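Please read the structure below before turning to the comments.
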Amino acid sequence: MRNWLKQLFYIRKSDRTTIMVLLVVAAVVLMLIWVTGGETEQTPAGLQDAATDFRADSRRTARSSGYYDDQPTQRPAELFPFDPNTADSTQLLRLGLREWQVRNIYKFRRAGGVYRRPADFARLYGLTVGEYRRLEPYIRIGSDYQPAATLSEAQPLPQPRRDSLRYPVKLQSTETIGLNTADTALLRRVPGIGPYYAAEIVRYGKRLGGYASIDQLDEIDSFPQEAKQYLVIDGNVKKLAVNRLSLQELRRHPYINFYQAKAIVDYRRLHGPIRSLSDLGLSRDFPADAIRRLEPYMDYQ
């Protein structure tokens with residue numbers, strides 16, 4: 001009987017090892033459950049205080065590192081007149097704006113942005129309609145930042161000084177100037193005459209030796225006819241010593257070409273000094289209109 005019981009409760013060595021391992025694992029599990037259960041017995045108030053202290057420490061750390069959260073400031077808002085172009089961060093925060101909105105205002109102003117009207121402030125990112133309506137009556141845009149178009153007629157914009165060299169004051173209808181003595185600056189005062197025609201009048205007058213008639217201006221290409229009423233002949237023209245000048249010297253005058261200069265020189269050589277341009281009337285190089293144009297410039301001495 002004893003042998004039978006011994007055989008019934010006999011456990012092999014390998015089975016005994018397995019059983020011991022299972023018992024150790026069970027003991028460890030029971031110990032972990034007991035330890036965890038002990039911590040859950042902490043009161044809810046203690047957990048809440050610990051969480052509050054953790055959030056406060058995190059907020060202080062974030063602020064010391066320069067980070068601002070996106071939650072609205074808890075400080076009470078104050079209302080007072082302010083200019084968004086010049087208000088500092090302290091004033092903007094007192095108005096109830098969030099810290100990141102203040103940073104955006106500074107960034108906008110550093111980039112050259114200007115609030116010219118109260119409505120421009122409504123474009124501030126994150127600003128609600130209610131917040132803008134609360135601030136709008138207190139927005140004061142400085143006069144230096146308002147559009148120039150708002151200036152009243154009583155205070156017109158200063159007019160730039162007129163450049164009298166580039167834009168000379170034109171003559172009145174009753175005013176005239178002397179054609180032979182005027183320089184280019186004075187000629188540009190004549191209505192219809194600009195820098196080009198003023199220079200052409202002076203240049204052609206020098207070649208002629210002076211103008212003997214206002215109609216000689218028609219010899220300048222496309223000369224404006226309306227300008228002639230402001231010009232008068234003054235002074236004497238420079239005359240040509242027709243009996244002493246060489247062929248080349250005679251040719252320099254606009255009214256004498258090569259063949260006419262040669263005809264004058266040949267006449268002097270064959271007939272002596274010229275007493276009048278009518279002496280050259282028999283020459284085909286001197287038609288009546290050519291003699292009429294040259295007559296004011298002839299000197300027979």
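Given the structure is predicted, the values throughout are model-derived calculations rather than measurements.
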Near Asp266 CG, under 6.0 Å, is it more than 12 heavy atoms from other residues, nucleotides or ligands? yes
Within a 6.0 Å radius of atom OH on Tyr259, are there more than 12 heavy atoms belonging to other residues, nucleotides or ligands? no
Would you call the rings of Tyr267 and His271 parallel, tilted or perpendicular, taking 30° and 60° as the class edges? tilted
Distance col, row Leu135:CG vs Leu79:CG, nearest 0.5 angstrom, shows 6.5 Å
Approximate separation, where rounding is to 0.5 Å, of Leu208 CG and Arg293 CZ: 9.0 Å
Membership question, hydrophobic clusters at under 4.5 Å side-chain separation (ILVMFWY): are Phe223 and Ile214 in the same one? yes
Shared ILVMFWY cluster between Ile193 and Tyr196, side chains joined below 4.5 angstrom? yes
Charged tip of Arg103 within 45° of Tyr106 ring normal and under 6.0 Å: no
Restricting to non-hydrogen atoms, name the atom on Leu124 and the atom on Gln101 that form the minimum distance, rounded to 0.1 Å. CD1-O, 4.0 Å
With a 4.5 Å cut-off on side-chain heavy atoms, are Asp215 and Lys228 touching? yes
Glu175 atom CD: more than 12 heavy-atom contacts under 6.0 Å: yes
May I ask whether Ile33 and Val25 are part of the same hydrophobic cluster, defined by side-chain heavy atoms of I, L, V, M, F, W, Y residues being less than 4.5 angstrom apart, directly or through others? yes
Would you call the rings of Tyr255 and Tyr297 parallel, tilted or perpendicular if under 30° counts as parallel and over 60° as perpendicular? perpendicular
Check the orientation of Tyr211 and Tyr204. Use parallel for under 30°, tilted for 30 to 60°, and perpendicular for over 60°. tilted
Count the heavy atoms belonging to other residues, nucleotides or ligands that lie under 6.0 Å from NZ of Lys262, then report whether that count exceeds 12. no
Counting heavy atoms not belonging to Glu226, are there more than 12 under 6.0 Å from its CD? yes
Counting only heavy atoms not in Phe80, do more than 12 sit closer than 6.0 Å to its CZ atom? yes
So that I can tick it off, tell me whether Glu136 and Arg133 are bridged by a salt bridge, with the cut-off set at under 4.0 angstrom between side-chain N and carboxylate O. no
How long is the straight-line distance from CG of Leu186 back to OG1 of Thr184, given to the nearest 0.5 Å? 9.0 Å
Distance (rounded to the nearest 0.5 Å) between Arg110 CZ and Ile105 CD1: 12.0 Å
Quick one: CG on Leu245 to CZ on Arg268, what's the gap to the nearest 0.5 Å? 7.0 Å
Do Leu23 and Leu30 land in one hydrophobic cluster if side-chain heavy atoms of ILVMFWY residues count as linked below 4.5 Å? no
Residues Arg292, Asp289; criterion salt bridge (charged side-chain N to carboxylate O under 4.0 Å, His left out); working and verdict: CA-CA 5 Å; Arg292 185 173 60 254; Asp289 59 337; 5.4 Å; no
Pair Arg207-Glu219, salt bridge (charged side-chain N to carboxylate O under 4.0 Å, His left out): steps then yes or no: CA-CA 12 Å; Arg207 292 186 60 200; Glu219 298 168 14; over 6 Å; no
Any chance you could measure Ile177, atom CD1, to Arg189, atom CZ, to the nearest 0.5 Å? 8.0 Å
For Asp88, look at atom CG and say whether over 12 heavy atoms of other residues, nucleotides or ligands are found less than 6.0 Å away. yes
More than 12 heavy atoms of other residues, nucleotides or ligands under 6.0 Å from NZ of Lys238: yes or no? no
Partner of Phe121 under ring pair (Phe, Tyr, Trp, His ring centres under 6.0 Å), chosen from Tyr132, Tyr138, Phe82, Tyr145: Phe82
Trace of the side chain to side chain contact (heavy atoms under 4.5 Å, CB included) decision for Leu294 with His253: CA-CA 10 Å; Leu294 271 174; His253 197 277; 4.3 Å; yes
